[in-house]
Amino acid sequence: MIASHLPVLQVVMSLVAAPLCMVLHRGRPAWLLSVAVSWASLACAVALLLQVIDDGAVTYAFGGWAAPVGIEYRIDILNGFVLLIIAAISAVVVPYSLRSAADEIAPERLWLFYAVLNLLLAGLFGIAITGDLFNVFVFLEISSLASYALVSLGRDRRALTAAFRYLILGTLGATFILIGIGLLYAATGTLNMADIAVRVQGQLDSRTILAAFAFLTVGISLKAALFPLHSWLPGAYAYAPSAVTALLAATATKVAIYLLLRMVFLFGPDFIYEELPLSEVIVTLALLGVLSGSAAALLQTDVKRLLAYSSVAHVGYMLLGIGLGGMLGLGGGIVHLFNHAMAKGAVFLAVGCIVLRVGSSELASLQGIGRRMPWTMAAFVIAAFSLIGVPLTAGFIGKWYLVLAAMERGWWWVAAALLVAGALSVLYMWRVVEQAYFHEPHPANADAAEAPLSMLVPLWVLAAASVYFGIDTSLNAGLAARAAAVVLGIAP
Amino acid sequence: MSEALGLYNYWIFVALMMTGLFIVVSRGNLVKKIIGLNIFQASVFLFFISLGKVDHGTAPIVSHAGDHGAAIYANPLPHVLILTAIVVGVSTTAVALALVVRIFEAFGSVEDDDLHRAEHES
């Protein structure tokens, strides 16, 4: 009975938890409820994914109205995998947020913080799970509005301007997506994505479809922070509360990249890779993003900003996978979605621990922190290895696939650029490690103690996952390969 | 030529869209940016609404008399979608204005240039 309603529960649990947090009106009960919901969501996502692996795509018709008339939730391997990423990260970050949020957010606003956090999760789950294109827009705006509010809760007053700039660009992106949806509806007469994918074939040379494709691509690229549309990202990540940064960095851009993958599925790989020069365009922009993000990270004096620019670079890696295409490229991009979520989540959680104890994320105030907070910094270093892409960590797999995919197409310059970017990422991570381990402790952090256990455990779960999934790749790489087959239309 | 003029509602959509986008990009005042954003969104609403309009079309309600064969129906779906999008637009404006109020409290200005200067000082 309950198993048949899992798809709707995935979204509804978080959506209902948000007003409940408002009713509870106190920080700690709201936190307890959010933890319970995030763990239930994880169980739900795992159950759904297992169901999909066993029986193929799961569908859920709202109100009993079958698609394409009614709205449908549709889960295949691709979005099942994305749901798992969002649910796993939220199940780790929400418990972590108790101490971190209490430190960074005024106590009388704490329950509001959890209400908005649950709205964000409901929106992210909704984007990933729905099979209806207009539903995507609505959930996108739910998650975006929630993330603007969450970013603005940061302690620094610059969080407000960062949130405003994010809002302006985010709304432009969402409205572009809306125009694209309208044009697509005008051409096909349906909003159901599986239905569109069928009806769009045969009229791919129509100008309406081309315009729809262009608007959707630009809008989604804004949300995904594809170079050169990434200007909102560093500010938003740098000034948001630490737990929010970890959650956004690990999930929000990933969902936008999932939407781009869905577009490949909607319009068909032949259209994207054969008829349009999109492969060359996306690969070029993605590489520029990888290189400029890595170079900008080198110049930052704030760790959160440094890691935010590293996110711009890593979004570039995932988009590179989409640009290169084929089983290897798409598989590499999708597996990097998972691995980057784990590793980037871990480093931002580690920075959150440091902000709690030191009160600042300035690079200079990190001097000697490796001696004061050995467990936090050890986890940071492990996750940093994964971000750099050292073999035997999760980050290596995605980059390896990408290099193979580039070689397969004979684009050796892509592989060379990836090597340069790898070297740059070693340099910017080294700047943090050097400050933490090879300096006498800074007077500002003389009395900094190790982070509390409630923050260390979530941090180490993600750091351990970054290593585990680098050694046993059957789950992440296996699922990513099957998801790539779904995108290419090889598997149902 | 007459075909291009016949699509005048789409020309209005494009003109409004460009106007809104230009205001968002060119104005430094945050409130004016929000106004530009609203014009931009409203243009998209108009686009959807004219998409669903059919000349002499009526609401698709089947009458009991059974004379529905002759009537021309307009597609109500784009209109329904736009109701949702209007709600989204209003919420976005509300969040944006709330942020502007907070920015004014924190910085004492809502001009982009002043804000940039204040950000570099702090």
Side-chain angles (χ1 to χ4, degrees), chain A residues 68-69 71 116 119 123 132-135 137-142 144-187 189-191 208 211 215 219 235 238-239, chain B residues 10 13-14 17 20-21 24-25 27 30-31 33-34 36-52 75 77-78 80-82 84-85 87-89 91-110 112 114-116 118-122:
Chain A
V69 174
I71 292 171
V116 182
L119 277 182
D132 184 276
L133 206 52
F134 192 74
N135 238 236
F137 166 75
V138 175
F139 279 121
L140 195 69
E141 280 305 82
I142 290 177
S144 301
L145 285 172
S147 52
Y148 310 144
L150 286 172
V151 168
S152 73
L153 285 172
R155 273 187 304 189
D156 196 306
R157 62 176 181 168
R158 282 173 287 184
L160 296 169
T161 45
F164 188 83
R165 282 176 199 133
Y166 184 13
L167 183 145
I168 294 286
L169 286 175
T171 308
L172 286 183
T175 312
F176 268 64
I177 293 172
L178 187 60
I179 299 173
I181 293 172
L183 290 169
L184 212 48
Y185 178 73
T190 174
L191 288 167
T208 315
F215 274 114
Y239 300 119
Chain B
Y10 294 98
F13 152 63
V14 171
M17 180 187 160
L21 210 52
V24 173
V25 176
R27 297 295 116 172
L30 300 192
V31 179
K33 271 186 197 289
I34 297 175
L37 206 60
N38 273 322
I39 296 175
F40 178 51
Q41 286 179 315
S43 77
V44 180
F45 302 160
L46 287 178
F47 164 62
F48 266 76
I49 292 166
S50 43
L51 210 59
N75 185 353
L77 191 75
V80 179
L81 296 183
I82 259 0
T84 316
V87 174
V88 170
S91 336
T92 311
T93 310
V95 174
L97 287 174
L99 275 174
V100 169
V101 171
R102 288 287 313 279
I103 288 173
F104 187 72
E105 284 170 2
F107 290 90
S109 168
V110 290
D112 228 7
D114 298 344
L115 293 176
H116 272 295
E119 278 180 355
H120 283 294
E121 282 161 13
S122 59

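Just so we're on the same page: letters track the sequence lines, and every chain starts at 1. Values in this document were obtained by computation on a predicted structure and should not be read as measured data.
Among Val88(B), Thr92(B), Leu81(B), Thr84(B), the residue making the largest number of heavy-atom pairs under 4.5 Å with chain A is Leu81(B). Of all the listed residues (Val100(B), Leu21(B), Leu77(B)), the one sharing the greatest number of non-hydrogen pairs under 4.5 Å with chain A is Leu77(B). For chain A, the option among Ala96(B), Pro78(B), Ala85(B) with the highest count of heavy-atom pairs below 4.5 Å is Ala96(B). Ranked by heavy-atom pairs under 4.5 Å with chain B, the list Ile181(A), Leu172(A), Val138(A) is led by Leu172(A).
No side-chain heavy atom of Val116(A) sits under 4.5 Å from any side-chain heavy atom of Leu153(A). At least one side-chain heavy atom of Asp112(B) sits less than 4.5 Å from a side-chain heavy atom of Arg165(A). Between Gln41(B) and Thr171(A) the shortest side-chain heavy-atom distance falls below 4.5 Å.
Proximity to chain A (any heavy atom under 4.5 Å) is shown, for Leu30(B), by both the backbone and the side chain. Only the side chain of Leu37(B) comes within less than 4.5 Å of a heavy atom of chain A; its backbone N, CA, C and O stay farther away. The part of Leu191(A) that comes within reach of chain B is its side chain, from C-beta onward, which places non-hydrogen atoms under 4.5 angstrom from that chain. Tyr166(A) does not touch chain B: none of its heavy atoms, backbone or side chain, sits under 4.5 Å away. Interface remark: Leu51(B) contributes side-chain atoms only to the contact with chain A (heavy atom separation under 4.5 Å). Only the side chain of Val24(B) comes within contact range of chain A, judged by heavy atoms closer than 4.5 Å.
Between Phe47(B) and Phe13(B), the angle of the ring planes stays under 30°, which puts this pair in the parallel group of the 30/60° scheme. Ring pair Phe137(A)/Phe134(A) is tilted by interplanar angle, where 30° to 60° counts as tilted.
Heavy atoms from other residues, nucleotides or ligands lying under 6.0 Å from CZ of Arg27(B) number 12 at most. Heavy-atom neighbours of Phe104(B) CZ from other residues, nucleotides or ligands within 6.0 Å: at or below the threshold of 12.
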